[in-house]
Peer 1: 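Quick one: the structure is below, and I'll ask about it shortly.
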Amino acid sequence: MAKPAQGVRYRGSIHDHPDFEPNQDAEALYNAMKGFGSDKEAILELITSRSNRQRQEVCQSYKSLYGKDLIADLKYELTGKFERLIVGLMRPLAYCDAKEIKDAISGIGTDEKCLIEILASRTNEQIHQLAAAYKDAYERDLESDVIGDTSGHFQKMLVVLLQGTREEDDVVSEDLVQQDVQDLYEAGELKWGTDEAQFIYILGNRSKQHLHLVFDEYLKTTGKPIEASIRGELSGDFEKLMLAVVKCVRSTPEYFAERLFKAMKGLGTRDNTLIRIMVTRSELDMLDIREIFRTKYEKSLYSMIKNDTSGEYKKALLKLCGGDDDAAGQFFPEAAQVAYQMWELSAVSRVEMKGTVRPANDFNPDADAKALRKAMKGLGTDEDTIIDIITHRSNAQRQQIRQTFKSHFGRDLMADLKSEVSGDLARLILGLMMPPAHYDAKQLKKAMEGAGTDEKALIEILATRTNAEIHAINEAYKEDYHKSLEDALSSDTSGHFKRILISLATGNREEGGEDRDQAGEDAQVAAEILEIADTPSGDKTSLETRFMTILCTRSFPHLRRVFQEFIKKTNYDVEHVIKKEMSGDVRDAFVAIVQSVKNKPLFFADKLYKSMKGAGTDEKTLTRIMVSRSETDLLNIRREFIEKYDKSLHQAIEGDTSGDFRKALLALCGGED
């Protein structure tokens, strides 16, 4: 078992087995593999119940007793993923890493993700042990083999990491922190092109303690996290490697929690990744990984493995996992701290919101109006021209084109477009031609007309718009439909859900900063209404009203502080508890508010992903978000999309839509990440 540093608690899930007797274990394994077939249950039970140190002793005893190599016998008796997992457990950690890297660079192609994961996450000591194990096992030099299989800046950073010379001094120089922040800023954001060497030197050599402060100061200085600059300035495998380094500096367990989630989400399982992480972290930080996994993904690592794997392979993985943390949203103390810090990061982040559609240079409304008229004149319609013009002009420029079109041709551009294009493309193009407030007003009207109500659309719009946007929507709704938005909501919804929507529709959210004393009181109200407070007080109706008022009228900075205080008071995350304790449209509305407070671009990224996953596409949601966010924060949404789902929004749209509708969406998307 890996020994933790003095004063540091052991955070692995596998422990030394008490009353360990290597000869007895060797005999048990021999008997399990003797004769026809093998007792896989006995093999997995024994091997997953011993620490790595004890397994090495069993290997030695097996050879002494039977003159045979235990790993070779296990390879012969077992097959597939189960064999790979069990054999991985039998190797010392450094030799396990060495085998993974050898596999990653052998044959045609390279498994860059494996190289990144191992070299970005290992300590200096682990890197040195890895290099020695590689030399011993394969009689080759690890650095030379990596150089032979990689290239460019990606190769250079890997070589730096392979030196295992990251600074380990706990004492951090404030002057050097400031200098590194300035050097990174000048190497990326302030430079035409990018000075990759500065990124490599600083991220590849500075201590974790130092880099923590560099990242904090970089955010304060530039208004954006270092990750955003890396995504904007670097590309390809080099970008992925540098992001992995940053993630491991911030929290190595969180990095592995994310890797495990991505290995199991969606169709198919990335078993090599799953096995590698479960084997190599089982005696290091598996408990931390489990806690963070539960915090970030609202499900336990144990339950996800259980649902995504099968047979002896599943049983062995679950033994390595060590336990199920699905306790209805409750955190381990460490995981509560992680959740608290996530809110802290949300509170200090000043990331600039950017759309993908900007005003066209050398804009000529006269030429655009004529080009559009020509595209719709006569037989057939030139959809390409329509798409190209409308998706590459800002909304203000489109309004000028509408006016010019009417002045020149005495015709209504919207009416002409409606008669010439149809289906999903028509909804998208006509939506882009409307002023934003009028478009939102129309979406709200459509959500409430006819049989049934589209509650998701009502929530999405009213929970995410600013006060100014809400006020503009109210005016547009009154102008277009001769009825107040409040009256429409009152007629079409009911109960608590109606009260929430009407409160949001007033656009009276406070716009100041946080009030720490008030935040504590608000957090207590939330704890009481969600029935996890130690000492509930007051009648429930009054508490429900206060809770609604808090979520619908407090400023976003204040709510971030409320949600932090909620974690401190209860050890729960407010979003998880709302999902558990509430139901229906009220729950969905409150969750949308919380998610918007935490990270609005991520809220929209999630909705876009859900609109395109599985069988069929929700074109209405897809269109609504692409139209309404294209000039607001679609670039930020794109970044959150690729970060969470490991594929770009561009790829998702390309794979899930077709024809001219796809062309228009991709034009709005603005590029491939």
Side-chain angles (χ1 to χ4, degrees), residues 113 116 120 184-185 187-189 194 196 199 203 215-216 218-251 254-255 257-259 261-262 265-266 296-297 342-343 345-358 460 464 556 595-613 621-622 625-656 665-673:
K113 289 181 179 178
I116 290 169
L184 287 171
Y185 193 38
E189 298 287 338
T194 306
E196 290 87 353
F199 280 85
L203 294 183
F215 299 160
D216 290 345
Y218 190 91
L219 178 61
K220 292 176 188 173
T221 301
T222 68
K224 62 171 64 176
I226 187 70
E227 291 91 337
S229 291
I230 289 173
R231 290 190 190 97
E233 299 297 329
L234 311 180
S235 61
D237 292 324
F238 181 45
E239 174 197 344
K240 292 172 186 172
L241 174 57
M242 299 305 260
L243 287 172
V245 169
V246 171
K247 287 176 183 176
C248 288
V249 167
R250 291 196 187 278
S251 170
E254 184 171 356
Y255 170 71
E258 183 179 308
R259 293 277 296 157
F261 179 75
K262 289 180 178 178
K265 76 179 178 72
K296 288 191 71 169
Y297 303 115
M342 288 167 69
W343 279 112
L345 184 62
S346 173
V348 301
S349 180
R350 291 182 289 117
V351 178
E352 183 183 359
M353 296 298 161
K354 291 182 179 179
T356 53
V357 174
R358 298 176 180 84
E460 176 200 307
T464 60
F556 275 23
Q595 291 177 341
S596 296
V597 171
K598 186 183 289 186
N599 185 334
K600 194 181 291 185
L602 179 57
F603 169 78
F604 283 113
D606 285 340
K607 289 197 63 81
L608 284 170
Y609 177 77
K610 289 172 184 174
S611 75
M612 292 182 280
K613 77 167 186 173
T621 298
L622 178 58
I625 295 174
M626 295 297 290
V627 168
S628 64
R629 311 315 292 182
S630 59
E631 291 185 55
T632 308
D633 53 7
L634 190 52
L635 189 59
N636 306 83
I637 293 168
R638 272 172 37 188
R639 290 169 179 164
E640 295 293 346
F641 194 100
I642 195 170
E643 173 71 18
K644 182 164 182 180
Y645 298 110
D646 214 23
K647 67 176 175 180
S648 68
L649 177 58
H650 189 282
Q651 289 171 322
I653 291 170
E654 201 164 40
D656 212 64
L665 287 171
L666 292 177
L668 288 179
C669 186
E672 171 71 273
D673 296 304

Peer 1: Nearest 0.5 Å, what's the CD1-CG distance between Ile226 and Leu184?
Peer 2: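 That separation rounds to 5.0 Å.
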Peer 1: For Asn636 versus Met353, what's the shortest heavy-atom pair and its separation?
Peer 2: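 Minimum heavy-atom contact is OD1-CA, 3.3 Å.
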Peer 1: Does Arg639 reach the side chain of Pro601, with side-chain heavy atoms less than 4.5 Å apart?
Peer 2: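 Not in contact.
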Peer 1: Strictly distance-based, threshold 3.5 Å: is any side-chain N or O of Thr356 a donor or acceptor partner for the main-chain N or O of Leu668?
Peer 2: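 Judged by distance alone, yes, a pair lies under 3.5 Å.
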Peer 1: Say you draw a straight line from CD1 of Ile642 to CD1 of Ile637; how long is it, rounded to the nearest 0.5 Å?
Peer 2: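 That separation rounds to 14.5 Å.
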Peer 1: With side chains defined as the heavy atoms from C-beta onward, is the minimum distance between Phe604 and Glu460 less than 4.5 Å?
Peer 2: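 In short, these two side chains touch, coming nearer than 4.5 Å.
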Peer 1: Check residues 234-247 and write down every donor-acceptor pair under 3.5 Å in which the side-chain atom is one partner and the other belongs to a residue at least two apart or another chain.
Peer 2:
unit_1 : atom_1 : unit_2 : atom_2 : d
Lys247 : NZ     : Glu258 : OE2    : 2.7
Lys247 : NZ     : Glu643 : OE2    : 2.9

Peer 1: Is there side-chain contact between Met612 and Leu622, with at least one heavy-atom pair below 4.5 Å?
Peer 2: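 Side-chain contact under 4.5 Å: yes.
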Peer 1: When you measure from the side chain of Thr221 to the backbone N and O of Tyr218, does any donor-acceptor pair fall under 3.5 Å?
Peer 2: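 The answer is no, because no donor-acceptor pair under 3.5 Å joins these two groups.
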Peer 1: Is there side-chain contact between Lys113 and Arg259, with heavy atoms separated by less than 4.5 Å?
Peer 2: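 A side-chain contact exists here, since the closest heavy-atom pair is under 4.5 Å.
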Peer 1: Could you verify whether a donor N or O on one side chain and an acceptor N or O on the other, from Tyr185 and Ser229, lie under 3.5 Å apart?
Peer 2: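 No, Ser229 and Tyr185 have no side-chain donor paired with an acceptor closer than 3.5 Å.
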Peer 1: Determine the minimum heavy-atom distance between Ala652 and Phe641, stating which atoms define it.
Peer 2: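 Smallest heavy-atom distance, with atoms named: CB-CZ, 3.8 Å.
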Peer 1: What distance separates Gln595 CD from Lys607 NZ, expressed to the nearest 0.5 Å?
Peer 2: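 The NZ atom of Lys607 is 9.0 Å from CD of Gln595, to the nearest 0.5 Å.
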Peer 1: Once rounded to the nearest 0.5 Å, what's the spacing between atom CG of Leu608 and atom CZ of Arg638?
Peer 2: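 The CZ atom of Arg638 is 12.0 Å from CG of Leu608, to the nearest 0.5 Å.
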Peer 1: In the structure I gave you, are the side-chain heavy atoms of Ile230 and Leu203 within less than 4.5 Å of one another anywhere?
Peer 2: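 Heavy-atom side-chain distance check passes, below 4.5 Å.
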Peer 1: Grab the two heavy atoms, one from Ser596 and one from Thr464, that are nearest each other, plus how far apart they are.
Peer 2: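 For Ser596 and Thr464, the tightest heavy-atom pair comes out as OG-CG2, 3.4 Å.
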Peer 1: Could you check if a side-chain atom of Met626 sits within less than 4.5 angstrom of a side-chain atom of Cys669, using non-hydrogen atoms only?
Peer 2: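 Heavy-atom side-chain distance check passes, below 4.5 Å.
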Peer 1: Nearest 0.5 angstrom please: Tyr645 OH to Lys265 NZ, how far?
Peer 2: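 Result: 7.5 Å between the selected atoms.
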Peer 1: Are any non-hydrogen side-chain atoms of Leu634 and Lys354 less than 4.5 angstrom apart?
Peer 2: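 No, side chains not in contact.
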Peer 1: Are the side chains of Cys248 and Glu254 in contact, using a 4.5 Å heavy-atom criterion?
Peer 2: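 Answer no - side chains too far apart.
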Peer 1: Roughly how far apart are Phe603 CZ and Glu640 CD, rounded to 0.5 Å?
Peer 2: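 Rounded to the nearest 0.5 Å, the CZ-CD separation comes out at 13.5 Å.
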Peer 1: Looking at Glu227 and Arg250, is any side-chain nitrogen of the basic one under 4.0 Å from a carboxylate oxygen of the acidic one?
Peer 2: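 Salt bridge flag = yes for Glu227 with Arg250.
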